[in-house]
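To keep things clear, I will list the structure first and then write my remarks on it.
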Amino acid sequence: MTITPRDITRRQLLARVGLTALVAGPFLSACATGGGGSEAAAPSAAPTTGGASASANNPFNVQASTPLEVVIFKGGYSDEYATQSHEPLYVKAYPGATIKHQGIQTIGQTLTPRFAAGDVPDVVNNSGTDNLDGGALINAGQLLDLTPLFEAPSVDDPTKKVKDVIVPGTIESGLGGDPAKPYTLNYVYTAYGLWYDAKLFEKEGWTPPKTFDEFKTFAEAAKAKDIVPFGYAGKNAAYYAYWMILISAAKIGGNKVLLDIDNLADNAWNNDSVKQAAAAWAEIGKYMDKAYEGLIHTEVQTQQNQGKVAFYPSGSWLEAEQAKDTPAGFEYGMVPTPSVTAADQMPYEAIRAAAAEGFVVPSKAKNAAGGLEYLRQMLSKQGARDFTEKTKSLTVVIGATEGLTLSPGLTSVAAAQTAAGTNVVTFSSFEGWYKELETELRKQTNALMFGRISAEEFATKMQEAADKTKADSSIVKQNRAV
């Protein structure tokens, strides 16, 4: 028997995302942006733990005697920034506090059963391939509204609110639900582009291409040197490639192209900008060995460190992630994606730069007040400086890098951000909103890049997937305007 969206009960919907026992938080019963008949997720107010008095130094009434549990995604940034900086900062502010720390890669697999059982950590770094379905958690009332965090006094200057010491767009990048509220703190200011070995390019006399015609010419030159011009890992990191496609689509047609995709607008994936971007990248994909579809990201990154891959698509965590495996003489650099047409709405210098690497506080956390305070400590200049020093990545905290000596890769990121100015490609929210749609995009990106489908077919298949998502009344719909 085929179950239609209308036949799916609330409990079945919870079961679909592994949250069967979460009966307290109501799901929206219809499209969140359709108006009428929808039941909003129960709002979560800032918790109070009692006993302590709220003050500029302790705005959430934290009790040091209440243990704090922190779960960190141990990926490209590792988790030393937490164990050696953020957690000690929390303990310094609240002497006697005890912290239970867990650094893992399987966030979703490990924590989904805990959310189902109502036994959740106080802070979660929800990142990585196996992350939690943020949209489902928001709509089940399982994440805390972080508005009190952003309205709280900042650690360094109590006369300023936290929202005043972070880069514009940070709060907006973590919005969800209807009405939209900030449920996620995106902590890392990440730039996305093509990464390469600046020393290798200097040796070969190569200049990073600024157009796709130049890219293809470069690809032939690299191929002649037995170097793969462009490579990514199809097995677990197809999203690295689809980021490039979406960036190019936005550069061709403007950020509205990505807003329409997020908002499930009719024929958003059939936009000519998407098709042109997909076709351009498919041409570059022809230079990849088919074996790359079966590799994971660290394998391709290692090949680049060995001089076997010229360009690798990634965000600005790459240099830190490969720090232990980067050989002497290899120098990371990042450049924007090439222009596709002479009529692109955004210039070559435009890059995708956004707040990323999400942190959430579960609404049922035993020490939710401590969870909010932990995030506030992270957003201090000391917490941000420590993170940058340990991970070679920028944070959203304004002025936190003053006086720091930046690595070559991060220096190139800073230069790219300066060159881009206001020409910034927006982030994509559907990745976190619609898990099944994002999974389908990984599949179709591999099919496109490894030559099994055309750009036209890519757009058609993704539009079909988006239409299916839009028509499924059991999936809560989100909307963004900026």
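Note that this is a predicted model, so its numbers are computed, not measured. For the single chain, residues carry numbers from 1 onward in sequence order.
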As an exercise, state the distance from [atom1] of [X] to [atom2] of [Y], rounded to the nearest 0.5 Å.
X	Y	atom1	atom2	value
Asn270	Glu464	CG	CD	9.0 Å
Ser429	Asp262	OG	CG	4.5 Å
Arg352	Met244	CZ	CE	8.0 Å
Gln105	Asn131	CD	CG	13.0 Å
Ile475	Thr469	CD1	OG1	5.0 Å
Leu132	Leu111	CG	CG	5.5 Å

Note to self: If the condition is side chain to side chain donor-acceptor pair (under 3.5 Å), which residues does Tyr196 pass it with, not counting sequence neighbours?
What the structure shows: none
Next item on the list: Go through the steps for Ile227 and Lys308 under the test side chain to side chain contact (heavy atoms under 4.5 Å, CB included), then give the verdict.
Entry: CA-CA 5 Å; Ile227 298 174; Lys308 298 176 181 178; over 6 Å; no
Notebook entry, point to check: Asp266 and Lys470: salt bridge (Lys or Arg N to Asp or Glu O under 4.0 Å), yes or no, with the steps?
Noted result: CA-CA 9 Å; Asp266 291 342; Lys470 187 174 184 177; 2.8 Å; yes
Does a donor on one side chain and an acceptor on the other come within less than 3.5 Å for [X] and [Y]?
X	Y	value
Gln303	Tyr292	yes
Trp281	Ser248	yes
Tyr239	Thr129	yes
Asn186	Ser173	yes
Asp145	Thr147	yes
Glu357	Asn125	yes
His101	Glu69	no
Ser85	Lys390	no
Tyr312	Gln301	yes

Checklist line | Identified ring pair (Phe, Tyr, Trp, His ring centres under 6.0 Å) partner of Phe311 from the options Phe215, Trp195, Tyr240 | finding: Phe215
Are any non-hydrogen side-chain atoms of [X] and [Y] less than 4.5 angstrom apart?
X	Y	answer
Lys392	Tyr332	no
Val71	Val123	no
Ile453	Lys461	yes
Tyr81	Ile72	yes
Pro182	Ile171	yes
Ile261	Phe430	yes
Glu440	Gln444	yes
Leu410	Thr388	yes

Donor-acceptor pair, [X] side chain versus [Y] backbone, under 3.5 Å?
X	Y	answer
Lys251	Tyr348	yes
Thr395	Val188	no
Thr170	Val167	yes
Asn126	Gly358	no
Ser412	Gly409	yes
Thr211	Glu214	yes
Thr411	Ser407	yes
Asn271	Ala268	no
Ser363	Gly141	yes
Glu220	Thr217	no

How far apart are the closest heavy atoms of [X] and [Y], and which atoms are they?
X	Y	result
Ala356	Tyr192	CB-OH, 3.7 Å
Gln109	Pro113	O-CD, 3.3 Å
Asp197	Gly329	OD1-O, 4.1 Å
Ser316	Ser393	O-OG, 3.4 Å

Tell me whether [X] is salt-bridged to [Y], with the criterion being a basic N under 4.0 Å from an acidic carboxylate O.
X	Y	result
Glu456	Lys275	yes
Lys256	Asp260	yes
Asp119	Lys364	no
Lys210	Glu349	no
Lys286	Glu283	yes

Next item on the list: Take Lys235 and Glu293 through the test salt bridge (Lys or Arg N to Asp or Glu O under 4.0 Å) and record every step on the way to the result.
Entry: CA-CA 6 Å; Lys235 186 173 182 178; Glu293 189 166 9; over 6 Å; no
Check: Under the side chain to side chain contact (heavy atoms under 4.5 Å, CB included) criterion, do Leu372 and Leu144 qualify, and how do the steps go?
Finding: CA-CA 9 Å; Leu372 289 173; Leu144 200 68; 3.9 Å; yes
Checklist line | Charged tip of Arg480 within 45° of Phe427 ring normal and under 6.0 Å | finding: yes
Next item on the list: Take Arg442 and Glu438 through the salt bridge (Lys or Arg N to Asp or Glu O under 4.0 Å) test and state the conclusion after the steps.
Entry: CA-CA 6 Å; Arg442 296 191 195 199; Glu438 193 274 342; 2.8 Å; yes
Notebook entry, point to check: Is the distance between the ring centroids of His86 and Tyr187 under 6.0 Å?
Noted result: yes
Margin query: Is the distance between the ring centroids of Phe212 and Phe218 under 6.0 Å?
Written below: no
Margin query: Please verify the inter-ring angle class for Tyr232 with Phe230; under 30° counts as parallel, over 60° as perpendicular, anything in between as tilted.
Written below: tilted
Check: Should Asp386 and Gln84 be marked as a side chain to side chain contact (heavy atoms under 4.5 Å, CB included) after you check the CA-CA gap, both sets of side-chain angles, and the distance that decides it?
Finding: CA-CA 9 Å; Asp386 290 345; Gln84 297 180 15; over 6 Å; no
Next item on the list: Tell me, with the steps shown, if Ile351 and Val424 meet side chain to side chain contact (heavy atoms under 4.5 Å, CB included).
Entry: CA-CA 5 Å; Ile351 59 172; Val424 176; 5.6 Å; no
